[in-house]
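Below is a structure I'd like to ask you about.
In each ligand, atom 1 is the first atom listed, and ligand 1 is the first ligand listed. Computed from a predicted model, the values in this text were never measured in an experiment.
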Amino acid sequence: MARNKIALVGAGMIGGTLAHLAAMKEMGDIVLFDIAEGMPAGKALDLSQAGPVEGFDAKLKGTSDYKDIAGADVVIVTAGVPRKPGMSRDDLLGINLKVMKAVGEGIRANCPDAFVICITNPLDAMVWALREFSGLPHNKVVGMAGVLDSARFRHFLAEEFDVSMEDVTAFVLGGHGDTMVPILEYSTVAGIPVPDLIKMGWSTQEKMDAIVDRTRKGGGEIVALLGNGSAFYAPATSAIQMAESYLKDKKRVLPAAAHLTGQYGVDDLYVGVPVVIGAGGVERIVEIALDEEARKGFQVSVDAVEELLEACKGLDSSL
Ligand code: TXD
């Protein structure tokens with residue numbers, strides 16, 4: 001059986017880390033695509049030279065030609081520019097929208113059967129636009145944010161409870177970062193819900209509130225520390241988990257920005273919800289009953305995504 005092919009569109013900090021992880025896990029042959037001259041080829045060559053030491057067999061290629069992503073099974077998109085001082089939200093939106101258009105057309109022409117994971121910010125709007133420009137079925141295009149947000153939440157909870165990260169599960173809904181809605185009732189340590197752990201005296205509501213707040217601002221905390229750029233290790237590993245679930249038909253239940261068609265009262269919008277990812281792409285959307293507080297929090301996310309989409313439609317008349 002031929003190896004899988006993984007195309008990474010955007011070979012920057014996350015793209016390079018994705019390539020490293022995918023190679024180490026022998027997920028398939030890897031194409032690093034970027035508009036930056038030489039850089040993707042340099043990363044591909046550097047990573048190839050790690051192969052003999054690590055003992056992985058994966059062909060890596062750097063390119064600026066969309067033809068090289070032909071036949072990719074998975075495409076992970078990080079292409080775009082970060083917000084720079086003096087740049088308005090709409091400036092950023094306009095630039096990254098154009099990037100999504102080029103990437104979407106590249107995917108449509110070269111690998112229309114791929115499973116596509118978008119990471120570029122502002123995530124919930126960019127994944128929607130990428131789906132529109134690529135024309136792929138909605139179940140084959142998802143956004144990565146929830147796995148990262150819940151990983152941050154799980155890390156902080158495991159620290160607070162002083163237990164293994166492996167035994168902590170977290171349930172998050174909604175948009176990336178600020179508008180994330182953690183559901184404590186469904187977040188557990190070895191199956192014990194967080195509210196029960198509070199009753200058991202393991203922590204307090206105040207500490208949980210502080211952890212939720214820190215999780216929401218998790219991206220900003222890292223940006224401030226790095227001083228130049230944003231998080232890349234955890235975002236990359238989160239997207240790899242989603243790609244593996246598709247390639248191995250694992251049917252993992254993971255939070256992702258998925259296209260809703262009435263679930264949670266939302267129609268034709270990408271919002272973060274738990275989904276089942278298997279060989280069919282997004283095979284199922286997990287819809288739970290929300291209490292009043294969660295519903296309100298979720299609505300804030302939905303409103304924020306809708307507002308961004310309106311801005312996108314104003315910037316590109318084909319949307
Ligand atoms: O949870 C999440 N979704 C996120 C999202 C968590 C962290 C970071 N998040 C976003 O991912 C971040 O705001 C960015 O929009 C992306 C990628 O982050 P990264 O840190 O990898 O950014 P880089 O290092 O700037 O890489 C982006 C690359 C860079 O090499 C550019 O040359 C390239 O994108 N680029 C392009 N590639 C292909 N095609 C086009 N048009 C293009 N334009 C820029």
Note to self: Please determine whether any non-hydrogen atom of M39 lies less than 4.0 Å from an atom of ligand 1.
What the structure shows: yes
Checklist line | Where ligand 1 meets A231 - atom numbers and elements under 4.0 angstrom, heavy-atom basis | finding: 7 (C)
Margin query: Quick test: of every protein heavy atom, which one is nearest to atom 3 (N) of ligand 1, and how far off is it to 0.1 Å?
Written below: M144 O, 2.8 Å
Note to self: Could you work out, for atom 21 (O) of ligand 1, the closest of I14, L8, T17 by heavy-atom distance?
What the structure shows: I14
Next item on the list: Not counting sequence neighbours, which residues clear salt bridge (charged side-chain N to carboxylate O under 4.0 Å, His left out) with R295? List them please.
Entry: E292
Next item on the list: Looking only at protein heavy atoms, identify the closest one to atom 5 (C) of ligand 1 and say how far it is in Å.
Entry: I119 O, 3.1 Å
Next item on the list: Identify, for atom 22 (O) of ligand 1, the protein heavy atom at the shortest distance, and state residue, atom and that distance.
Entry: M13 N, 4.5 Å
Margin query: If the contact criterion is a heavy-atom separation under 4.0 Å, does V81 count as touching ligand 1?
Written below: no
Item checked: Closest non-hydrogen atom pair, L197 against I192 -> CD1-O, 3.6 Å
Check: What is the nearest protein non-hydrogen atom to atom 37 (N) of ligand 1, stated with its residue, atom name and distance?
Finding: A79 CB, 3.4 Å
Checklist line | Under 3.5 Å donor-acceptor, N96 side chain and V99 backbone | finding: no
Checklist line | Identity and distance of the protein heavy atom lying nearest atom 1 (O) of ligand 1 | finding: H176 NE2, 3.1 Å
Next item on the list: Identify the protein heavy atom lying closest to atom 41 (N) of ligand 1, giving its residue, its atom name and the separation to 0.1 Å.
Entry: V99 CG1, 3.6 Å
Item checked: Under 3.5 Å donor-acceptor, R108 side chain and L136 backbone -> no
Next item on the list: Evaluate the side chain to side chain contact (heavy atoms under 4.5 Å, CB included) criterion for residues D124 and L308: first the C-alpha distance (whole Å), next the side-chain angles of each, then the deciding distance (0.1 Å), finally the verdict.
Entry: CA-CA 8 Å; D124 306 88; L308 275 178; 5.9 Å; no
Next item on the list: Using the ring-ring contact (aromatic ring centres under 6.0 Å, His included) rule, collect all pairs that involve residues 215-272, keeping only residues at least two apart or in two chains.
Entry: F115-Y246, H138-H259, H259-Y270, Y264-F298
Notebook entry, point to check: Heavy atom of G80 under 4.0 Å from ligand 1?
Noted result: yes
Next item on the list: Run down the list L226, N121, T78, V147 and name the one with the heavy atom closest to atom 9 (N) of ligand 1.
Entry: N121
Next item on the list: Provide, to 0.1 Å, the distance between atom 28 (C) of ligand 1 and the closest protein heavy atom, together with that atom's residue and name.
Entry: D34 OD2, 3.6 Å
